[in-house]
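Every chain is numbered from 1, with letters handed out A, B, ... down the list of sequences.
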Number of protein chains: 2
Amino acid sequence: MNKIIAIQGAEGSNHHKVARNFYGTTIQLKECMSFDELVASLLDNTADLGIMALENTIAGSIIPNYALIDNKNLHIIDEEYLNIHHHLMALKGQKIEDIKEVWSHPMALLQCKEFFKKYPHIKLVEDVDTAEVAKRISKENLVGIAAIAPKIAAEIFSLEILEDELQTIKDNSTRFVIVQTTKPEVNKEVNKASLKFQLNHKRGSLAAILNVLSDCKMNLTKIQSLPVIETPWKYSFFVDVTFEEYSEYEKAKAIIEIMAEEFKILGVYKNGRK
Amino acid sequence: MNKIIAIQGAEGSNHHKVARNFYGTTIQLKECMSFDELVASLLDNTADLGIMALENTIAGSIIPNYALIDNKNLHIIDEEYLNIHHHLMALKGQKIEDIKEVWSHPMALLQCKEFFKKYPHIKLVEDVDTAEVAKRISKENLVGIAAIAPKIAAEIFSLEILEDELQTIKDNSTRFVIVQTTKPEVNKEVNKASLKFQLNHKRGSLAAILNVLSDCKMNLTKIQSLPVIETPWKYSFFVDVTFEEYSEYEKAKAIIEIMAEEFKILGVYKNGRK
């Protein structure tokens with residue numbers, strides 16, 4: 001039986017693209033209109049796997065998603081870095097001069113604001129999703145309306161791409177992770193781990209942990225501190241490391257377990273960075 | 001002559017509250033509808049000081065604001081931690097039963113979503129700002145409309161508070177910083193510094209820096225890595241430290257200057273955490 005994959009947003013979205021890259025085109029998709037809904041569908045078993053954006057080069061970490069993974073004890077089993085491209089699309093035969101309104105998610109509109117300065121006749125209208133608008137244009141045959149969405153949406157909904165690469169900042173790499181509620185089998189081909197721990201505000205406590213990681217040949221690819229709510233001077237740290245030898249990772253893990261409080265492994269998986 | 005203080009948002013906002021806490025009620029305010037506009041007004045000298053939110057306990061760091069401070073070479077001269085409270089306010093004499101619509105910033109509406117489930121007759125309408133709606137209700141005598149804004153807005157615009165503490169998560173502490181374009185005089189009463197540096201992806205390089213900070217008796221209160229865009233495997237680190245002795249801070253600074261690339265001090269100021 002095919003696994004049901006929960007994605008944030010609609011068919012044709014970047015989350016859908018990641019789902020296809022991992023599991024092919026014949027997948028069972030569950031569209032969720034928020035990350036909360038996505039996680040809820042994993043917890044009530046209406047979906048088997050979830051795909052969540054976790055950070056991007058423009059805005060940094062999506063902290064609420066880290067909190068969801070941490071609080072709901074989800075396991076990260078894989079990751080992918082995707083370059084985000086915004087394309088303008090409409091019904092076939094339409095030209096940019098024919099477009100009166102563009103409907104899209106506020107974040108996509110914001111990222112493409114500069115582009116639309118050249119087209120003052122086009123009204124920008126906030127909508128709930130990017131790809132879902134593409135679907136609506138196609139289904140309801142909406143003339144004069146365009147969507148901002150990834151290429152995959154034009155393909156699925158048979159729309160015409162009027163313009164490529166609308167976004168002002170061209171280099172927007174987003175990191176997506178695949179999560180599930182159960183702990184996966186140990187697979188020794190993994191070479192990356194996401195760790196979380198707490199430290200008291202004692203001078204040198206973080207340096208001590210990082211020394212252990214370094215001694216065990218772990219390469220740090222991300223670190224982020226967050227104050228623990230309602231506990232002054234206590235901090236949570238989210239740390240990603242890559243490694244070559246699984247045995248070294250196990251050694252580091254065993255030592256940090258003793259040194260840090262609330263030590264938790266959010267996932268051990270294959271590094272998605274090329 | 002009074003200094004002109006640029007704030008994000010309108011009179012009556014949390015940014016305004018911070019301005020008052022530092023500089024009193026007889027200040028010259030410049031309302032900016034975005035952080036970009038705020039920084040632009042510092043650069044073209046139409047304002048002397050700017051007040052910017054930098055991080056909060058719900059969403060973490062506001063990375064674009066770190067980037068603005070870094071890229072435009074602003075100096076952080078002070079900071080304040082403020083607990084954010086959302087209050088429902090309307091024209092005097094109005095009761096919650098009389099309210100048909102609440103207009104506010106999407107983020108405020110989102111944070112108070114749970115509260116409004118008790119009042120299904122109230123329509124939530126997205127608007128550009130929180131406090132600016134309070135002003136409009138007052139100026140245009142808008143019956144049946146309420147704003148979600150801080151208490152200071154009710155006071156300034158003579159509105160009545162219908163309900164306190166609307167937000168679902170009660171503990172939302174936001175860190176605001178005061179920035180300017182010129183480097184301030186060295187003031188030895190300072191006890192906190194915001195540092196930024198780059199490191200190559202060499203194992204142990206961050207641990208080495210943190211060891212220096214620890215040896216010089218610096219206490220780490222925040223750390224965050226960001227990949228340097230278009231330079232694979234190079235990372236920027238934003239680090240905040242507190243200290244007791246200014247001389248120890250100077251020592252740490254001198255060593256890190258030698259060890260790290262692109263070392264930069266974003267500001268040295270008095271710790272605002274009580």
Side-chain angles (χ1 to χ4, degrees), chain A residues 34 55-67 81 106 110 113 126 169-173 175 199 201-233 235-243 273-274, chain B residues 34 36 55-67 81 106 110 126 169-173 175 199 201-233 235-243 273-274:
Chain A
S34 72
E55 57 189 310
N56 68 58
T57 39
I58 297 176
S61 297
I62 303 167
I63 301 290
N65 287 359
Y66 270 93
Y81 288 84
L110 188 69
K113 204 171 56 179
E126 297 194 355
I169 301 174
K170 301 299 174 199
D171 187 10
N172 178 10
S173 168
R175 178 187 177 204
L199 292 173
H201 187 60
K202 209 183 120 202
R203 189 156 47 75
S205 54
L206 179 62
I209 299 269
L210 295 191
N211 286 336
V212 170
L213 291 176
S214 169
D215 291 346
C216 295
K217 303 201 179 86
M218 301 289 111
N219 292 301
L220 200 82
T221 62
K222 184 204 171 78
I223 182 165
Q224 182 173 286
S225 66
L226 283 181
V228 177
I229 293 178
E230 287 169 6
T231 315
W233 304 117
Y235 294 85
S236 280
F237 293 88
F238 289 91
V239 170
D240 288 346
V241 292
T242 59
F243 50 85
R273 182 95 79 175
K274 269 128 209 157
Chain B
S34 71
D36 285 329
E55 56 188 312
N56 69 59
T57 38
I58 297 176
S61 297
I62 304 167
I63 301 288
N65 287 359
Y66 269 93
Y81 288 84
L110 188 69
E126 298 195 354
I169 301 174
K170 300 301 173 198
D171 187 10
N172 178 10
S173 170
R175 178 187 179 204
L199 292 174
H201 186 60
K202 209 184 120 203
R203 190 155 45 75
S205 54
L206 179 62
I209 299 270
L210 295 191
N211 286 335
V212 169
L213 290 176
S214 170
D215 290 346
C216 295
K217 303 200 177 87
M218 301 289 109
N219 292 302
L220 198 83
T221 62
K222 183 203 172 78
I223 182 165
Q224 182 173 284
S225 66
L226 282 182
V228 177
I229 294 178
E230 288 169 5
T231 316
W233 304 114
Y235 293 86
S236 280
F237 293 89
F238 289 91
V239 170
D240 288 346
V241 293
T242 59
F243 50 85
R273 181 95 77 174
K274 269 129 210 157

Toward chain A, the part of B/Tyr66 with a non-hydrogen atom under 4.5 Å: neither
Side-chain donor or acceptor of B/Arg203 paired with backbone N/O of A/Ser214 under 3.5 Å: yes
Close side-chain approach of B/Ile223 to B/Leu206, heavy-atom, < 4.5 Å: yes
From A/Leu210 atom CG to B/Asn211 atom CG, the distance as rounded to the nearest 0.5 Å: 8.5 Å
For A/Thr221 against B/Tyr235, the heavy-atom pair lying closest together: O-CE2, 3.0 Å
Chain B contacts, top residue of A/Ala208, A/Ala67, A/Ala207 (heavy-atom pairs, under 4.5 Å): A/Ala207
Between B/Lys222, B/Glu55, B/Glu126, the one whose heavy-atom pairs under 4.5 Å with chain A are most numerous: B/Lys222
